[in-house]
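Have a look at the structure below, then the notes.
Values below: all heavy atoms of this structure, side chains included; hydrogens, waters and symmetry mates excluded. So you know, we letter chains A, B, ... as the sequences are listed, proteins then strands, and number each from 1.
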Amino acid sequence: MGVMPEIPFDVLEQSINKRVIVSLVGRREYRGTLLGFDKPHMNLVLKDAEEITESGERKIVSAVIRGAAIEYVSP
Amino acid sequence: MGVMPEIPFDVLEQSINKRVIVSLVGRREYRGTLLGFDKPHMNLVLKDAEEITESGERKIVSAVIRGAAIEYVSP
Amino acid sequence: MGVMPEIPFDVLEQSINKRVIVSLVGRREYRGTLLGFDKPHMNLVLKDAEEITESGERKIVSAVIRGAAIEYVSP
Amino acid sequence: MGVMPEIPFDVLEQSINKRVIVSLVGRREYRGTLLGFDKPHMNLVLKDAEEITESGERKIVSAVIRGAAIEYVSP
Amino acid sequence: MGVMPEIPFDVLEQSINKRVIVSLVGRREYRGTLLGFDKPHMNLVLKDAEEITESGERKIVSAVIRGAAIEYVSP
Amino acid sequence: MGVMPEIPFDVLEQSINKRVIVSLVGRREYRGTLLGFDKPHMNLVLKDAEEITESGERKIVSAVIRGAAIEYVSP
Amino acid sequence: MGVMPEIPFDVLEQSINKRVIVSLVGRREYRGTLLGFDKPHMNLVLKDAEEITESGERKIVSAVIRGAAIEYVSP
């Protein structure tokens, strides 16, 4: 293997204070700065976020997103 | 990193007695004053709330919202 | 903060023997007197209830509602 | 409060050998005699039951219904 | 009460080697001989089964059905 | 009873290196050689598989299928 | 049996730093290099990925995919 595998929560750890895309099971998407998360639920805190749905966008100053609703987080 | 990460439940803690938006998996939305919550379920207590659905709004004096139904909480 | 936060199950405790609205994930709604509940599942016992769906109402003398089906309980 | 709250599983206990309505998340409904249940899953045993769906009724001599599929049980 | 309540898993125990109907959450139905099950998941083993869907029937020599997909089992 | 009941995971054990049909909750179906599984999640490893959906078939050299998505496994 | 069964997480272990297809419950698909995963949730880290939906493709530099949203992983 030679390369250390990257654990999902380590990748989130390295993404703190960086912009991420959060894609939800129900097809909504959020783009914002990742302020923190918890284990093992993967609840996230986003800041300066935009919510993107089929019907448009809206600004969200900050949000606690429940891990159970998340499909993927893209750093 | 330099900045302490913000844990989701700490953000909720700081939002107590403030207005929040609660967005549910089934696309309903509630706006109200956050009175409290529990861990790890993220059940919430809202006061002076409005329920917003595709078919309109209605007033809700108070509500216990089950965490499992929540997509995000926006302080 | 100054004001004690209200825990979801305490709010349910204070609602015992009072009228509540129970809104389910599948958009059905029940109105009735809350006789009791359990933790952590939030299964509820309602008495003298009405079931309200898109196709009308019906009377329900009493019902045990599973917590997993509940979106919110409004005292 | 003055009146003892009624715990959901106690209400089921008192309904044993009596007729109940079991309403499922997927809108099917069963009417039958409750023979027993288990905790905490709320799996039920019904006897002499009828299954009622949008497409009609059918007789079911007995059935083990999984708690996870249940929305409410009405004694 | 006078009559002993029947526990769901006891009823399944008594149905081993007998024909049962297994109705799934997604409206598919299986009829076959119950060879065994496990607790608490209620995974089942069926033999000489038929799968019945809206689009017809097909024979299944044997199947392990996941409990999480089951709505009811009718002995 | 006379005949030993067959436990679901034993049936899977006996199906290792044999062809199985895996039917998923979302109506997709896989046919392939079962290489292994884990307990209690029922995650499966399939080899030389075909994915069959409403829109056709495709070959899959191997796949780890999550147990939570499985409706039944037919040996 | 003669051949050692292959455990799902071992197959993922052997796929680290290789291209995989990740098929989600909601019919989205990702193709990318598997950087790591965790147990028992099966959260994955993908790099140099493409998201493929009915409405087209898009590039994703990296993503943490939640195990609960995954249907299968094909090495």
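Applying side chain to side chain contact (heavy atoms under 4.5 Å, CB included) to Pro8(B) and the options Val64(A), Ile65(A), Leu35(A) leaves one that passes, Val64(A).
If you take CG on Asn43(A) and NZ on Lys39(B), they are separated by 11.5 Å, rounding to the nearest 0.5 Å. Distance check, rounded to the nearest 0.5 Å: CZ of Arg66(A) to CG of Leu24(B) gives 10.0 Å.
Here the shortest heavy-atom pairing between Phe37(A) and Ile7(B) reads O-CD1, 3.6 Å.
Lys18(B) pairs by the salt bridge (Lys or Arg N to Asp or Glu O under 4.0 Å) definition with nothing, not counting sequence neighbours. Glu50(B) meets the side chain to side chain contact (heavy atoms under 4.5 Å, CB included) test with Arg19(B), Arg31(B), Glu57(B), Lys59(B); sequence neighbours excluded.
Contacts of Ser23(B) with chain A are made by side-chain atoms alone, with heavy-atom separations under 4.5 Å and no backbone atom involved. Contacts of Leu44(A) with chain B are made by backbone atoms alone, with heavy-atom separations under 4.5 Å and no side-chain atom involved. For chain B, the nearby part of Ala69(A) is the side chain; its heavy atoms alone come within less than 4.5 Å.
The greatest number of non-hydrogen atom pairs below 4.5 Å with chain B, out of Gly67(A), Ala68(A), Ser62(A), is found for Ser62(A).
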(request) Given side-chain contact (heavy atoms from CB on, under 4.5 Å), test Phe9(B) with His41(A) step by step and report yes or no. (result) CA-CA 12 Å; Phe9(B) 283 109; His41(A) 300 290; 5.5 Å; no
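Put simply, the side chain of Ser74(B) never gets that close to the backbone of Ile60(A): no donor and acceptor are under 3.5 Å apart.
With salt bridges taken as basic N to acidic carboxylate O contacts below 4.0 Å, none links Arg28(A) and Glu29(B).
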